[in-house]
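Everything below concerns the one structure shown next.
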Amino acid sequence: MDFLGQLNPRQREAVEHTEGPLLILAGAGSGKTRVITYRIAHLIRNNHVPPSRLLAVTFTNKAAEEMRDRVAILLGGGSSPAPDGTLSLPWVSTFHSFAVRLLRREGGGLEALRQGFTARFSIYDEADQVAVLKAVYRQLGLDEKFLPYRSAAARISHAKNQGIAPEHYYGRSTNPQDEKLAVIYEQYEAALRRANALDFDDLLLEAVRLLRHDEQARARAVDRFHYLMVDEYQDTNRVQYDLVRLLTEPRRNLCVVGDEDQSIYGWRGADIRNILDFERDYPGATLIRLEQNYRSTKNILDAAGQVVSHNLERKGKELWTTAGPGSKILLYRGEDAENEALFIAACIEKHLRQNPSERAAVLYRTNFQSRQIEEALRRYGRSYLLVGGLSFYQRAEVKDLLAYLKAAVSPQDSYSLLRIINTPARGIGKSTVELIARHTGETGLSLWASLEDLLARGSLAARSHAALAGFQSLMKDLRAHLGSGPLHQALVWLLDTTGYRKMLEQEGTIESQGRLENIDELVNAAADAGARGETVEEFLDHAALVADTDDLDEAAQVTLLTLHMAKGLEFSLVIMAGMEEGLFPHSRSADTASGLEEERRLCYVGMTRAQKQLVLTLARSRRRFGGGELEPGRPSRFLREVPARLLEEVSPFGVQLEEGVDLYTERHEVQEIARHHTFTGKTYNSVENIAEFFAARGIPTPAAAARRTAAEAPARAQVTPIRGPTPKAAGGFRAGARVHHPKYGTGTVLRKEGEGDDAKLTVSFPYHGIKKLIQKYATLRQE
DNA sequence: TTCGGGGCATTTTTT
DNA sequence: ATGCCCCGAA
């Protein structure tokens with residue numbers, strides 16, 4: 001098959017340019033993934049480069065998976081199978097999982113480089129970081145009033161991403177807060193080191209360190225990868241830049257693909273200069289612009305292009321298309337957020353009725369905006385997929401079990417140990433933990449070693465001694481189980497022995513029911529991992545590096561998500577909500593020129609997601625917080641940057657259902673429809689997704705390909721399971737009643753506790769699961 | 001040690 | 001309006 005014939009001239013040029021540095025500026029919708037995958041296929045098939053000599057790096061597992069699948073399909077027939085008969089494929093991975101594999105593999109080098117580190121390090125996510133920072137704050141006598149943990153974590157992360165060490169941070173601090181933060185930073189680093197843990201930033205930093213200081217390790221890496229490709233290059237930070245540099249010197253067969261106009265992660269440390277200065281950093285680099293857009297209508301492209309042309313920090317690209325102008329961009333201004341939301345729902349309804357096979361998305365700047373839009377969609381009985389919220393691996397019960405495993409695998413991992421030392425409650429309370437922590441501080445031992453030391457001394461009160469001794473033998477037994485049998489059996493044993501399962505069962509609530517299902521799913525995932533031959537460590541790595549958005553269901557007809565999460569996706573109809581000053585551009589970004597430019601790029605990203613129809617909406621006034629005042633808003637400056645000739649203002653009656661009912665009188669009828677509507681599509685965080693979170697991503701399977709095809713099939717119906725205690729009948733919202741909640745929509749009352757205003761209701765909502773509500777506070781309506 | 005009530009802040013978040 | 005953190009009572 002001559003796959004090069006399927007490319008346009010520019011794309012083909014990019015694919016065939018294989019030697020030396022290459023920068024591909026790929027505008028939105030210009031076939032970027034196509035170019036990367038074809039380029040890989042070209043190198044392998046036509047230039048006979050062994051697949052193992054190629055490395056492609058992406059930012060998300062999802063992108064990596066997609067790329068792998070597409071390369072596999074391209075190579076499908078003719079590439080050379082490996083001796084064992086499997087298809088040999090290049091290494092496609094995220095920056096982070098690449099770093100982890102490198103560090104685990106080159107563990108010896110790492111240990112030599114860094115005192116006290118072992119290749120068995122734990123990976124700490126944001127929740128773990130906060131736990132570490134809490135301890136550091138306490139040690140320094142600070143509290144969150146100084147700086148919220150999350151902000152401190154963000155600032156430390158930012159410093160790390162720029163390669164600024166704590167001492168350096170201290171040196172350049174100009175105010176007392178920064179000085180203190182430098183100390184926090186230093187203590188945080190020390191705490192991680194003691195715990196033999198690396199945070200996400202460290203994974204990259206340590207990989208860079210290793211390659212810099214361990215000549216042999218670098219030689220091995222450079223020798224292995226002759227061709228490197230980096231996707232979304234505009235989102236790389238300084239450390240990723242260094243990593244790429246180390247991997248490509250001196251061969252310099254580096255191909256980076258990106259779009260400076262889609263750089264929207266500056267606040268996370270991404271450095272737009274990496275892409276702007278590529279030609280300077282890699283002299284002799286070839287620059288190829290992909291400007292033909294295959295996604296959107298001309299009107300949409302022109303509008304987006306006009307907006308982003310107001311930016312100065314760009315190389316400049318002009319997207320063009322052979323498509324026709326298409327519809328104008330609709331602009332709607334509602335009285336308030338509720339009215340805006342109703343318009344959005346009506347607009348989606350109209351579009352999908354006319355185009356039943358198409359997909360629509362509502363994009364917004366901040367997550368709280370989804371609430372009213374959800375409510376409006378529910379009124380129309382329209383199912384949707386809300387992207388955001390807690391992912392599976394971030395859930396408390398899953399994190400607990402993983403913490404048991406981490407603590408067992410790495411005795412130094414004090415923060416994982418801390419998490420589960422008294423979960424379920426086993427009589428090791430706050431004061432006992434503090435006692436051990438103090439001992440840790442005095443001796444410099446890890447929490448676990450300190451615990452053992454205290455037990456050996458026998459100086460503890462009988463009660464705590466017994467509790468701690470019990471815990472000690474529990475962990476020893478867990479280690480033994482992990483060493484002797486399959487992982488999932490160890491987990492089952494753990495759940496029984498600790499009484500974790502019992503704890504949830506005894507709770508007897510609907511929430512606990514869900515948690516039980518989650519832990520069962522984790523056990524299944526462990527069994528699958530075991531069947532694939534994964535070790536505990538690999539299982540834990542996988543769990544740490546998998547992200548929730550990886551499983552974004554593309555089959556959903558209506559998707560609600562933030563502008564940030566929309567990058568890389570496309571929808572027939574795109575509605576951008578909340579086009580108001582202060583909201584978008586967001587007030588916190590509006591005071592610097594670079595912040596404003598990033599907001600503008602975000603606007604560009606949002607607009608270019610639309611294939612056929614783009615709709616911009618705003619509200620004349622909206623409430624800032626729940627109970628706040630209605631505050632008037634001003635239209636976003638981005639609206640003015642769209643040429644007026646491309647815009648069409650629509651009244652609330654401009655977009656209507658065919659029946660001719662208007663938005664205001666219609667509500668009650670619509671509610672009636674909604675009541676009978678069956679929700680379809682799987683919930684973003686539903687249990688059935690969990691297995692997929694842990695599914696192997698290494699080798700594309702027929703099942704994976706089938707799943708892709710199946711994405712076009714209608715989503716299966718989901719029935720919210722109702723289990724748990726038998727509902728008691730009572731007045732008002734009694735069990736079994738259908739109620740409506742402003743945020744969660746329509747749900748079923750499962751249980752009622754107490755009477756009158758103080759009654760507590762347990763309600764099951766599709767998409768949101770089980771919520772406990774106080775009748776007095778929750779604005780519930782009887783359906 | 002553990003549970004429940006009142007105070008407080010609430011942008012975005014690839015790994 | 002809500003979620004989460006800390007403090008006081010059982």
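Keep in mind that what you see is a predicted model, and the values were worked out from it rather than measured. To find a chain, count down the sequence lines: A is the first, B the second, and so on, and within it residues start at 1.
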So which protein N/O to nucleotides 6-12 of chain B N/O distances come out below 3.5 Å?
residue, atom, partner, partner atom, Å
B/dT11, OP1, A/R588, NH2, 3.0
B/dT11, O4', A/H586, NE2, 3.2
B/dT12, OP1, A/N367, N, 3.0
B/dT12, OP1, A/N367, ND2, 3.4
B/dT12, O4', A/R365, NH2, 3.2
B/dT12, O2, A/R365, NH2, 2.1

Looking across every strand, which nucleic acid part, if any, lies under 4.0 Å from A/Y265 by heavy atom: base, sugar-phosphate, or nothing? base
Kindly write out the residues that satisfy side-chain hydrogen bond (donor to acceptor under 3.5 Å, both in side chains) with A/Y241, not counting sequence neighbours, or none if the list is empty. A/R245, A/D281
Looking at every strand, decide which applies to A/S587 at a 4.0 Å heavy-atom threshold: base, sugar-phosphate, or nothing. nothing
Qualifying side chain to side chain donor-acceptor pair (under 3.5 Å) pairs with a residue from residues 584-594 of chain A, counting only residues at least two apart or across chains: A/S589-A/E599
Do A/S157 and A/D201 have a side chain donor and acceptor closer than 3.5 Å? yes
Could you give the CG-to-P distance, from A/N161 to B/dT13, as a whole number of Å? 17 Å
Between atom CD in A/E66 and atom P in B/dT14, what is the gap in whole Å? 17 Å
Roughly, in whole Å, what's the span from CZ in A/F95 to C1' in B/dT14? 11 Å
A/K567 atom NZ is separated from B/dT13 atom C1', nearest whole Å, by 12 Å
Separation of A/E65 atom CD from B/dT14 atom P, in whole Å? 16 Å
With distance as the sole criterion, is a donor-acceptor pair present between the side chains of A/S416 and A/D413 under 3.5 Å? yes
Any side-chain donor-acceptor pair under 3.5 Å between A/E631 and A/S621? no
Whole-Å distance between B/dT14 P and A/D259 CG? 20 Å
Counting any heavy atom closer than 4.0 Å, what does A/N422 reach on the DNA or RNA strands: base, sugar-phosphate only, or nothing? sugar-phosphate
Within residues 133-141 of chain A, which residues have any heavy atom lying less than 4.0 Å from an atom of DNA chain B? none
For A/E570, the side-chain hydrogen bond (donor to acceptor under 3.5 Å, both in side chains) test, sequence neighbours excluded, returns A/R295, A/Q611
Between C1' on B/dT14 and CD on A/Q240, what's the gap in Å once rounded to a whole number? 9 Å
Taking the six-membered ring for Trp, are the ring centroids of A/Y265 and A/H564 within less than 6.0 Å of each other? yes
Minimum-distance nucleotide to A/R371 side chain [options: C/dA1, B/dT14, B/dT2]: C/dA1
Partners of A/D128 by salt bridge (Lys or Arg N to Asp or Glu O under 4.0 Å), sequence neighbours excluded? A/K399, A/K406
Rounded to the nearest angstrom, tell me the gap between atom NZ in A/K32 and atom C1' in B/dT14. 12 Å
Before you tell me yes or no, could you show the steps for A/K567 and A/D235 under salt bridge (Lys or Arg N to Asp or Glu O under 4.0 Å), namely the whole-Å CA-CA distance, both residues' side-chain angles and the distance that decides it to 0.1 Å? CA-CA 12 Å; A/K567 196 172 73 165; A/D235 290 334; 2.2 Å; yes
So which one's nearest nucleotide on DNA chain B is more toward 5', A/A425 or A/L563? A/A425
Could you check whether A/E126 gets within reach of a base, just the sugar-phosphate, or nothing at all, counting any heavy atom under 4.0 Å? base
